[in-house]
Amino acid sequence: MLGTIDYSVIVPAYKEASNLRPLVTRIFSSLNRIDSPVPAGQVEIIVVDDNSRDGSVEVVQALQQEGFNVRIIVRTTERGLSSAVVRGFQEAQGDNMLCMDADLQHPPEYVPQMLAAMSPSKLFVLGTRYGGGAGAIDEGWPLHRRIISSGARLLALPLTSASDPMSGFFGIRKEAFLKARNLNTNGFKIALELLVKAQVHSNAIAEVPFAFGLRTAGESKLDSKVMRLYIEQLLELYWYTYNGLIAFAVLLFLVLVFVLWRYLTASSEPMVTTAVQGGHHGQ
Ligand SMILES: Nc1nc2c(ncn2[C@@H]2O[C@H](COP(=O)(O)OP(=O)(O)O[C@H]3O[C@H](CO)[C@@H](O)[C@H](O)[C@@H]3O)[C@@H](O)[C@H]2O)c(=O)[nH]1
Ligand SMILES: [Mg+2]
């Protein structure tokens with residue numbers, strides 16, 4: 001496989017053996033279409049697997065033998081979606097890096113368009129379920145997931161203007177990724193983390209509306225722990241973004257409490273009387 005790799009597709013995967021073949025073959029058939037804006041020969045796929053031991057390695061080896069530019073990194077000491085994505089970005093050869101789920105909820109047919117949307121002036125591409133009135137979430141998405149997703153999105157509003165910072169379908173240019181320091185890689189919301197810490201300006205974000213599909217094989221790994229990690233991440237990002245403002249507000253609050261306390265205690269102190277009462281004290 002000669003030629004430069006300009007594009008890397010990073011796929012975090014945990015127990016996704018049955019989804020990897022359709023994922024990889026569908027991505028490359030979209031790239032091989034005559035109207036693809038990106039040539040298939042410039043694209044690599046990197047699966048970052050956390051020791052699933054479910055046959056994922058064998059599936060990827062078979063795909064390699066068939067000529068697909070795909071490899072798998074098996075992590076044995078680390079775990080977690082966000083940190084898997086960061087590992088993939090660190091290993092990527094391409095300057096344009098896309099992250100997508102393995103479970104086909106992110107349609108592989110959007111990959112060429114997502115890759116092509118990145119450029120030196122568009123440092124971030126976001127597959128959005130809410131932008132431009134398009135597609136949005138698949139109708140079969142359960143109500144509780146919709147509610148959680150809307151709440152999570154609302155809480156991120158003070159941090160970014162992006163319409164769907166919760167999305168796991170996004171791309172970032174290498175130069176922007178390298179700017180981000182001290183990434184919190186706990187949990188699922190690595191796109192939000194990168195948007196804030198790589199300081200991606202709203203003009204530099206391209207949004208691509210897509211319909212979030214339903215998982216057909218395997219299980220979702222989003223649980224209450226992931227939600228708790230998200231709240232922790234939000235608090236840290238609020239602090240990261242607004243530390244000066246938050247510190248000022250806390251200081252102001254403390255001063256106000258002190259003034260109020262002084263006022264209340266002063267007004268409840270007994271009146272000081274100057275008149276000396278007669279009588280004897282002590283013996
Ligand atoms: N390597 C690795 N991969 C993981 C891990 N946990 C999950 N993954 C992989 O990450 C992808 C998303 O995981 P799901 O469990 O399918 O998540 P989801 O509930 O469908 O959540 C998706 O949609 C959310 C929007 O509602 C996104 O916020 C989220 O990032 C993800 O894309 C899948 O490919 C899954 O195998 C992990 O610990 N390690
Ligand atoms: Mg999923």
Side-chain angles (χ1 to χ4, degrees), residues 9-24 27 45-57 59-60 71-91 98-108 110 114 126-131 135-138 140-156 160 162-172 184-195 210-227 229-231 233-234:
V9 180
I10 308 305
V11 182
Y14 185 63
K15 297 205 188 291
E16 302 284 5
S18 52
N19 288 318
L20 292 177
R21 173 170 286 277
L23 179 81
V24 171
I27 291 175
I45 300 179
I46 303 175
V47 177
V48 186
D49 175 270
D50 287 354
N51 210 14
S52 303
R53 297 202 231 171
D54 63 343
S56 295
V57 172
V59 173
V60 172
R71 63 193 156 108
I72 186 164
I73 297 168
V74 178
R75 305 192 307 169
T76 50
T77 51
E78 283 167 284
R79 274 193 163 263
L81 172 48
S82 290
S83 70
V85 174
V86 168
R87 173 68 188 277
F89 285 161
Q90 286 163 344
E91 301 272 342
L98 183 69
C99 168
M100 71 187 293
D101 294 349
D103 58 7
L104 305 167
Q105 287 192 276
H106 299 149
Y110 278 73
M114 292 283 286
L126 193 66
T128 172
R129 298 160 291 171
Y130 304 99
I137 289 162
D138 190 291
W141 222 42
L143 181 67
H144 76 277
R145 276 302 297 266
R146 288 168 198 254
I147 295 172
I148 293 169
S149 178
S150 306
R153 219 153 49 94
L154 216 66
L155 291 170
T160 174
S163 70
D164 191 4
M166 307 296 112
S167 178
F169 194 22
F170 71 95
I172 187 167
N184 174 348
T185 55
N186 296 325
F188 271 32
K189 308 303 172 197
I190 188 63
L192 174 65
E193 189 73 12
L194 286 168
L195 279 165
F210 81 102
F212 193 53
L214 279 181
R215 190 187 250 285
T216 49
E219 279 173 13
S220 168
K221 285 99 201 168
L222 192 143
D223 54 14
S224 58
K225 181 174 169 224
V226 171
M227 291 178 218
L229 290 173
Y230 176 58
I231 299 294
Q233 183 188 2
L234 271 181

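Side-chain atoms are counted along with the backbone in the values below, which use heavy atoms only and exclude waters and symmetry mates. All ligand and atom numbering here is 1-based and tracks the order in the structure. Predicted model, so just to flag it, every value in this text is computed and none were measured. Here, residue 1 is the first one in the sequence, and each next residue gets the next number.
Among the atoms of S220, no N, O or S atom falls under 2.8 Å of the Mg ion (ligand 2). With 2.8 Å as the limit, D101 does not count as an N, O or S neighbour of the Mg ion (ligand 2).
In terms of protein heavy atoms, atom 39 (N) of ligand 1 is closest to D50 OD2, 2.7 Å. Nearest protein neighbour of atom 4 (C) of ligand 1, counting heavy atoms only, is Y14 CB, 3.8 Å. Residue, atom and distance of the protein heavy atom nearest to atom 29 (C) of ligand 1 are F188 CD2, 3.9 Å. Looking only at heavy atoms of the protein, atom 27 (C) of ligand 1 is closest to M166 O, 3.3 Å. In this structure, atom 7 (C) of ligand 1 lies nearest to the protein heavy atom K221 CD, 3.8 Å. Scanning the protein heavy atoms around atom 9 (C) of ligand 1, the nearest turns out to be P12 O, 3.5 Å. Looking only at heavy atoms of the protein, atom 31 (C) of ligand 1 is closest to D101 OD2, 3.2 Å. Scanning the protein for heavy atoms near atom 33 (C) of ligand 1, the closest one is E16 OE2, 3.4 Å.
In summary, D50 and R79 do not engage in a salt bridge, as defined by a charged side-chain N under 4.0 Å from a carboxylate O. One finds a salt bridge joining R87 and E91 here, because a Lys/Arg side-chain nitrogen approaches an Asp/Glu carboxylate oxygen to under 4.0 Å. Between R215 and D103 there is a salt bridge, since at least one side-chain N of the basic residue sits less than 4.0 Å from a carboxylate O of the acidic one.
Ligand-side atoms of ligand 1 in range of A13: 1 (N), 2 (C), 3 (N), 36 (O), range being under 4.0 angstrom from any heavy atom. Shown in contact with H106 at under 4.0 Å from a heavy atom are these atoms of ligand 1, numbered in order with element: 32 (O). Below 4.0 Å from some heavy atom of K189 lie the following atoms of ligand 1, by number and element: 27 (C), 28 (O). When each atom of ligand 1 is checked for a heavy atom of R215 under 4.0 Å away, the hits are 14 (P), 15 (O), 16 (O).
At a heavy-atom distance under 4.0 Å, only side-chain atoms of R129, from C-beta outward, approach ligand 1. Counting heavy atoms under 4.0 Å from ligand 1, residue S220 touches it through both backbone and side chain. Only backbone heavy atoms of V48 (N, CA, C or O) come within less than 4.0 Å of ligand 1; its side chain stays farther off. With a 4.0 Å heavy-atom cut-off, ligand 1 is reached by no atom of F169.
Contact annotation: the side chain of I10 never approaches that of M100 to less than 4.5 Å [non-hydrogen atoms, C-beta and beyond]. No side-chain heavy atom of Y230 sits less than 4.5 Å from a side-chain heavy atom of F188. Looking only at side-chain heavy atoms (C-beta outward), L155 and I231 come within less than 4.5 Å of each other. The closest side-chain heavy-atom distance from V57 to V74 is below 4.5 Å. With contacts defined as side-chain heavy-atom distances shorter than 4.5 Å, the pair V86/I190 qualifies.
Any N or O atom pair closer than 3.5 Å counts here, and R75 shares no such pair with ligand 1. Among the atoms of D103, some N or O lies under 3.5 angstrom from an N or O of ligand 1. Considering backbone and side-chain atoms alike, S149 places every N or O at 3.5 Å or more from each N or O of ligand 1.
Considering just the N/O/S atoms of D103, the one nearest the Mg ion (ligand 2) carries the name OD2.
The shortest non-hydrogen separation linking S167 to A191 is O-CB, 3.5 Å.
The aromatic rings of Y110 and F210 sit perpendicular, their planes meeting at an angle over 60°, well past the 30° parallel limit.
Judged by distance alone, with hydrogens and angles left aside, the side-chain atoms of R75 form a donor-acceptor pair with the main-chain N or O of G80 at under 3.5 Å.
For the pair R153 and Y130, the cation-pi test (distance below 6.0 Å, angle within 45°) is passed.
Of the candidates N184, L234, N186, L229 forms a side-chain contact (heavy atoms from CB on, under 4.5 Å) with just one, namely N186.
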